[in-house]
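Here the structure is laid out as C-alpha cells; the discussion comes afterwards.
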Amino acid sequence: MTSPIRTERHDDVLVIVSNNPPVNALGAAVRSGLEAGIKEGVADASIKAMVIRCDGRTFFAGADITEFGKPMQGPGLGTVIDMIEASDKPVVAAIHGTALGGGCEVTLGCHYRVAVPSAKIGTPEVKLGLLPGAGGTQRIPRIAGVKLALQMTATGDPISAKAAHEAGLIDRIVGEDSLEADAIAFAREVADTRPLPRASEKTAAADPAAVEEFKKANARKFRGFDAPAANIRCVEASTTGTFADGIAIERDEFMKLMMGTQSAAQRYMFFAERQAAKVDDIPADTQLRKIAKVGVVGAGTMGGGISMNFLSAGIPVTIVETAQEALDRGVGVIRKNYENSAKKGRFTQEKVEAMMGILIPTLDLNDLADCDLIIEAIYENMDVKKELFGKLDGIAKQGAILASNTSYLNVNEMADVTSRPGDVIGMHFFSPANVMKLLEVVRGAKTAPDVLATVMALAKPIGKVAVVSGVCPGFIGNRMLSQRGGPANTMLMQGVPPERIDKALTDFGMPMGVYQMSDLAGVDIGWHRDPNRIETIRDALAAKGRWGQKTKKGWYDYDENRNPSPSPEVAEIIEEFRSKSNQARRDYTDDEIIGALLYPMVNEGAKILDEGMAQRASDIDVVWIYGYGWPVYRGGPMFWANTVGLDKVVAGLEKNGVPVAPLLKRKAEAGEKF
Ligand code: TC6
C-alpha cells in the first residue's frame, strides 16, 4: 500500500506532504509516514529545514477516531510529535483548513507555524469526551498561556488564524493562495536560527484566578461532563511541574476518559450524526434539485424561525401571512432576533440588513410561484393544511418542493390532495426553529428520492442535523416523548411530587423535566377550555388559570424572574385526585423514576425501528440529542439502553406492566444491542 505521506525536495527545504482524504486524519500510516519524513530530513545533510503541509481541503483534522478503542498500530502520535520537536533542523507547519486535535498538536510540536487567513486551529477532543492527549494540554499553555489553553481544550471551540497569531500560536499569516511557497520561504528565513523554539522547554505561568473564573463561567455548560474537568486539571498541571510530569498526568487522564462510557457515547454520536445524513436506499450521487429561493407560509413563531435559517445562509425567503398585522409582527420578531444577536457581537449590523434585505413579506400566496421550496408553518389542522396544499399545487412552479412543518400529522394525506405527491415532504423543525439543530425529514409514501436527497443535503448549509423519519403520529421524537406522560402521571398518583420527577430527569442530564416542559409549552395547550369539566389533574390546573410560565403559575409557582418553586396549591390538587383513586402510595428511587419514564421511550424506539420508521437506532439517538437536549454524554436513548443492559430495560418495563416491544425482547433475549 502506498504511504499517504510523500516528501518533496525544494533545494534545501524538505516538504513533507500528507494526502489522506477526506480530512487528513492522523491514522497509523500517516503517523509512520510523518516519522519517516522527519528522519529523512534530519539525516540529509543538504536539507536545512522542513515544512509539513497537507493536500486537500484541510490540514490534519485530528487523530483517526475510527482507531480509538482498538489496539494501537505504528508509532503513537505523541512519539511522532516529540520527534518533530526534537529535530535539530527547524520544522514549519503550513496550515490551511482546520488544524484540529492531534493536527493542532502536530503544529505545536513544530518549531514554527504559518497559516492562511481562513485557517482555524483547535482542540475539539473534549467534544468526544477526551482531551488533547498528544501533549496539547502541556504545549498550548506553554506557548499561549493558561487562559487560552483552558478555553481551547475545555470548550473545544477552534480559534481563527488571526486570534491564534495574536496569541503566539501562529508565527505568520501567509497568502491564502501561496501557502506552500510562503512556508518554504519562511523555513529558509529561520533555517539558521538557534536555539530552536521548543514548546516543551518553555514554562507556563500559574493563573489560579483565571482557572477559577473559567470554571465558574462554564459551570452550567460543563454540568454532567467528565472531560472538561480533566482538561482543566491537565492545563493546571502544566504550571506546577516539568513537561514530563505534565505529560504523565495528561496520559493518565486521557486513558481514564478513553475507557469511560462518556467518551464512548460522544464518539458514537460523532459518527451517528454523520450517518444520519445518509439515506440507505438513495445513491449518494443522486442529482439534487436547486434551492435558490424559499417560501414560508405563516409568519408565527415557527414560520419566523424557519425563515431565519435560510436568511442566515444567504437564501432569499418569501414569507406569507393572511393579515398585514400578523405579517408585520412576524417580520418584526425576525429583525429583533437578528439585532439582539448583533448586539451580542455574533455578527454586524450590516449583516442584519443584508439578511433582512433578502426577506420578502407578502399577503399574496401567488408570490410563491418562483420558489424552489415552499414550507408551510401554519397551525396543526389537517383540513386547513390540505386546503393550503391544494392551493400551493396550483401556484408552485414545476419541480418545486412542497413541505409541511407538521409535528405529528400525516404528510401522505397532504401529498394526496396535490397533483404531485412525489414533490411533497415533511420538514419538522423544532422550536425555536432558528436555534434547535434537529430537522426531522418526513419521507412520505410517494416522496421522490431526489426530493428527499435535496432536503437532506439542504440541512447542512442551514446549520441543521437532519434525520429521516417515516410517516407515523409524532414521527420519531414526539412519538417517543408521548410515552413518558402516562408513567409520570402514574407516579403523581402514587404520591411522587412533580418536582421529584423533574429533578430525577434534570439530574440525569435532561435540560428540563416533564412538568417544567409542560409549564414552558403551556399547560392549556390542547385543553378543552371548559372550566367545569375536570377529569384530569391538568384540567384542574388549567381551570384555575395555572397555564404555566406565561401566567406565572402552572405545575410550579414562578417569581418575577421565572424561578420555579413547588406549589402548595398543586400539591393539594394532586392529593385530592390521589385520594379519590385506588392507587397505593409507592416510593421510587431516582433510578426507578428514570426507568419508569425512559424505558417506555426506549420501548417505543424499538417499535419505530421495527416498523422501519427510523433507518437505524443511531438516528433515534440523534433526534433525542439535537431535538430534546438528551445529554450527549449518555449517547441518546438507544445507546443508553445498551449501557443499562436491554435485559434490565425489559425487566423494568415488565415490572411496571408495560407490554415489551418484540424487537426489544428479541434483542434482550439474544444478548444483543441496538
Ligand atoms: C484527537 O485528535 C485526539 C488526539 C489525541 C491522541 C492521543 N477521524 O465532518 P465531515 C470523517 S481526536 C476519522 O462530514 P466537514 C467523517 O466521519 C480528533 N474520520 O466534513 C466523515 O466521514 P463520512 C479531534 C473523520 O467538512 C468525513 O470525514 N478532531 C475524522 O463537514 C467528512 O467529515 C476532531 O474531533 C477523524 N478525526 O467537516 C475533528 N474527522 O464521509 C473531527 C472527520 O464517511 N472532524 N472524519 O461520513 C470535524 O470536526 C470535521 O470532520 C471537519 C470537517 C471540521 C474536520
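Ligands are counted one by one from 1 in listed order, and the atoms in each one are counted from 1 as well. Nothing here was measured: the structure is a model prediction, and the numbers come from that model.
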(message) Residue by residue, ordered by chain and number, which ones reach under 4.0 Å of ligand 1 with a heavy atom?
(response)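 Its neighbours under 4.0 Å (heavy atoms only) are Pro22, Val23, Ala25, Arg57, Ala61, Gly62, Ala63, Asp64, Ile65, Phe68, Thr98, Leu100, Gly101, Gly102, Glu105, Pro124, Glu125, Leu128, Gly133, Phe254, Phe270, Phe271, Arg274, Lys278, Lys460, given by chain and number.
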
(message) Please list all pairs meeting ring pair (Phe, Tyr, Trp, His ring centres under 6.0 Å) that have one or both residues in residues 232-257, counting only residues at least two apart or in different chains.
(response) none

(request) Mind jotting down which residue pairs meet the ring pair (Phe, Tyr, Trp, His ring centres under 6.0 Å) criterion with at least one end in residues 85-141? Sequence neighbours excluded, please. (result) Tyr112-Phe186

(request) Would you kindly check if the NZ (Lys) or CZ (Arg) of Arg267 is within the cone defined by 45 degrees around the ring axis of Phe68 and under 6.0 Å from the six-membered ring centre? (result)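 The answer is no, since Arg267 fails at least one limit relative to Phe68.
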
(request) Test the Arg274-Phe270 pair against the cation-pi criterion, namely NZ or CZ under 6.0 angstrom from the six-membered ring centroid and within 45° of the ring axis. (result)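 Yes, Arg274 sits over the ring of Phe270.
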
(request) Could you tell me whether Arg289 and Asp450 have a side-chain N and a carboxylate O separated by less than 4.0 Å? (result)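 Salt bridge present between Arg289 and Asp450.
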
(request) Please list all pairs passing the salt bridge (Lys or Arg N to Asp or Glu O under 4.0 Å) test where one or both residues lie in residues 122-139, with sequence neighbours left out. (result)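 Sorted result for residues 122-139: Asp82-Arg139, Glu85-Arg139, Lys127-Asp157.
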
